[in-house]
Amino acid sequence: MHQRVAAINDLSGLGRCSLTVDIAVLAAMGIEACPLPTAVLTSQTGYPGYHCVPFTKQMCNYTGHWQELQVSFQGILSGYLATPDAATQVQDFLEKFHKPGILYLCDPVLGDNGKAYRGFTDASIQAVRHLAFQADLLTPNLTEFCILTDTEMDSLKKLGQENPEELYRLLQYRSYLFKDQALVITGIPIKERDQQLLVNLIIDHAKTPVAIRSPHLGGSYSGTGDLFAAVLMGSQLQKRNLEQGVCLAGELIVRGIADAQKEHTPCNDGINYEPYLNLLSPSSS
């Protein structure tokens, strides 16, 4: 069956992230990606001197036209929103297209490495939090989870080095704010048997959290969160369970990082995921 996802994200000319990633990943998974740009940037915001043109005033034209055409979607994926007004436009889109049985995955792009991205205000955070409450599935990194739940992060990172199992229980407790959503908290640094790992933690409030471990290869690369969210969206539409989807996304990202490190690719340029898109083919599921 032909499947279609509305991908609501920015379009960055450099950095292998956002809509560039969404379109490539979903196409590799046999799914049509319908891009709805939230902003157009010369590069992702980690590059010095980037230019950004907010697309907020045009977003309603997409919503209105697609509604006139009676377009339907199997999934809706939202990512980077440059302004609170952009989040308002996403809210309007959801009111028209987020029907029962349609998966809404909110990737709450707010920050990384313990701090919010530049330009994000309290109003921006509140607007994204409002969207998160409407999601079926959330994919925050650890920083974004702490921002959304008003959780102090340094103590969580310390606990990850001392007692990962206790950390998982605490994260599940703090996630109760989003008790109606499934969550995957990404990029949690832990230490097990003197080995540094990264965990993607699946939280279903009716079950014990599931920790999917990956090697900690180092570096903070552009676009890995976008890759993760897009693969998870595609996996859900392919009828994989969350654990299978998280493992698949993790494998793609680990291979892409290893390749990028081998070629000394700058972190701002993103990871070399393109040679491994064949992992996502529907015939591989």
Q | Side-chain H-bond candidate by donor/acceptor type, Q172 with R169, under 3.5 Å | A | no
Q | Option among Q236, M233, Q3 that satisfies the side chain to side chain contact (heavy atoms under 4.5 Å, CB included) test with Q74 | A | Q3
Could you list the donor-acceptor pairs under 3.5 angstrom formed between side-chain atoms of residues 19-34 and any protein atom two or more places apart in sequence or on another chain?
| residue | atom | partner | partner atom | Å |
| --- | --- | --- | --- | --- |
| D22 | OD2 | N9 | ND2 | 3.1 |
| E32 | OE1 | H2 | NE2 | 2.7 |
| E32 | OE1 | R4 | NE | 3.1 |

Q: With sequence neighbours left out, write down each residue that passes salt bridge (Lys or Arg N to Asp or Glu O under 4.0 Å) with E243, or none if nothing qualifies.
A: none
Q) Atom OH in Y104, atom CZ in F73: separation rounded to 0.5 Å? A) 13.5 Å
Q. Rounded to the nearest 0.5 Å, how far apart are CG of D136 and CG of L105?
A. 8.5 Å
Q) Any side-chain donor paired with an acceptor under 3.5 Å for Q238 and R240? A) yes
Q. When you check the side-chain N and O atoms of Y168 and N163, is any donor under 3.5 Å from an acceptor?
A. no
Q | Distance-only donor-acceptor check, side chains D180 and H205, under 3.5 Å | A | no
Q. Going by atom types only, do T83 and D85 share a side-chain donor-acceptor pair under 3.5 Å?
A. no
Q: Could you pull out the closest heavy-atom pair between Q67 and F97, with the gap in Å?
A: N-CZ, 3.6 Å
(Q) List the residues meeting salt bridge (Lys or Arg N to Asp or Glu O under 4.0 Å) with K158, not counting sequence neighbours, and say none if there are none. (A) none
(Q) Does either side chain, that of Q196 or that of Q161, offer a donor lying less than 3.5 Å from an acceptor on the other one? (A) yes
